[in-house]
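Working notes, structure below.
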Amino acid sequence: MTGRIVRGRILTFRDDPRLAGARAWRLIDDGAVSVRDGLIEAVGEARDVLARAPQSAAIDDHSGKLVLPGLIDAHIHYPQTRVIGSYGAQLLDWLNKYTFVEEQKFADSAHSAAVARFFFDELFRQGTTTACVYCTVHPASVDAFFAEAERRGARMIAGKALMDRNAPPGLMDNAQSGYDETQALIARWRGRGRLDYAITPRFAVTSTEAQLEAAGALAAEHRDAYVQTHLDENFAEIALVKREFPWAKTYLDVYARYGLLGPRSIFGHCIHLEDSEVAALAESGSIAAFCPTSNLFLGSGLFDKQRLDKAGVRVALATDVGGGTSYSMLATAAEGYKVLQMGGQSWPATQAFYQMTLGNARALSLADRIGAIEPGFEADLVVLDSHAAPAMAHRMESHEGDLEEELFVLMTMGDDRAVRETYVAGEKVKEV
Ligand SMILES: [Zn+2]
């Protein structure tokens, strides 16, 4: 490996601008990152980094373009690449009518492998380099996903959905088989290269108490593994949870009883939270995943970030494809901004970009290796062009040199066209 130099306007966050203001980020206008063996070796002024670089290093010149850490998606379903954009339903109908039909195809390894290839092409096209991913109930879907992640060298978290009721027979395991299959998948994949595992009870509706107990046992045995599930997305869903678990005072009570809360537990949606649920999320260090395009598309409701910030709940941002309607974290941030606007809240672009990078890395307890451009960090990078489309270039004309304007244009008008290059472990991966 002779190394690589990536030159451009380096932007990286060191803290949340909501708390630290302009001290939260560092911008080097003519900067460079040197990369070797998948890691960031040095970052600084281009003249200094170039002066120390070996003669043989490849130089990728993105002068004028922003270079950021690769974007991170905290909640996405890879088996839903052919569900995205399905018309006319709210959560429970949408699951039955579209999602549960499509997910049954993932019993087949070849189908799973083909979709995994598409999925990674698409994530990298959008500048996303790490994601927290739901597979289907079939172990074959998880094996196909992790095999592709390993081949691509990407840092990924994923897990087999646990579902043993309220679903078609082709999508159900049982408490024991779900437990055994998860143990085997953890043994096979967890900690291999850049891969980690999320114990994944899909949501309380599709798991019996016996299965949730088994999920809790898995979480207790694998304390550093992740837990991911859904919470308080939709009113009909919440009513169903209360019918299935009559002893539970709240939806979150169900997960709490089985030991599924904690600093590595990611709860998708968290829209219709009761006060006691907000308190329990905060106290346990659990993470609320904000999925704005999905929440709007399925008519689920508006996420209240201010309430969660105030209570000290850790928040992540996510696409939730295929309930979500875009793989782009930029487009997701744009919809997030609009959702917060509807709730009378603001979301400056610097905070949104912090969230897509270091903020989500912190939410996933990975901020010691991804989410920032610092020596020793993994070399996952995205190069963004705020002039990628005519309307963007036109909009930028009167605001050249203003970082906050530029970031806001990127998130409001940007998509995969604005992603000039994506690097995973120092290698170019954007399919052009
Ligand atoms: Zn989801």
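In each ligand, atom 1 is the first atom listed, and ligand 1 is the first ligand listed. Index from 1, following the sequence.
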(message) Suppose we only count N/O/S atoms under 2.8 Å; would H269 qualify as near the Zn ion (ligand 1)?
(response)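 So H269 does not bind the Zn ion (ligand 1) by this criterion.
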
(message) Before moving on, can you tell me the angle at the Zn ion (ligand 1) between the NE2 atom of H77 and the OD1 atom of D320, to the nearest 10 degrees?
(response)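 The two atoms form an angle at the metal of about 90°.
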
(message) Applying the ring-ring contact (aromatic ring centres under 6.0 Å, His included) criterion to F145, which one of Y134, Y78, F118 satisfies it?
(response)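 When ring-ring contact (aromatic ring centres under 6.0 Å, His included) is applied between F145 and each of Y134, Y78, F118, only Y78 qualifies.
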
(message) Give me the atom names and distance for the closest heavy-atom approach of T12 to A372.
(response)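 So the minimum-distance heavy-atom pair works out to OG1-CA, 3.3 Å.
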
(message) If you consider just the N/O/S atoms, which atom of H75 is the closest one to the Zn ion (ligand 1)?
(response)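 Going through the N, O and S atoms of H75 one by one, NE2 ends up nearest to the Zn ion (ligand 1).
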
(message) Less than 4.0 angstrom from a charged side-chain N to a carboxylate O is my criterion; do R362 and D16 meet it?
(response)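 A salt bridge is absent here (no side-chain N lies under 4.0 Å from a carboxylate O).
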
(message) With a 4.0 Å cut-off on N to O distance, would you call R18 and D309 a salt bridge?
(response)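 Result for this pair is yes, salt bridge flagged.
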
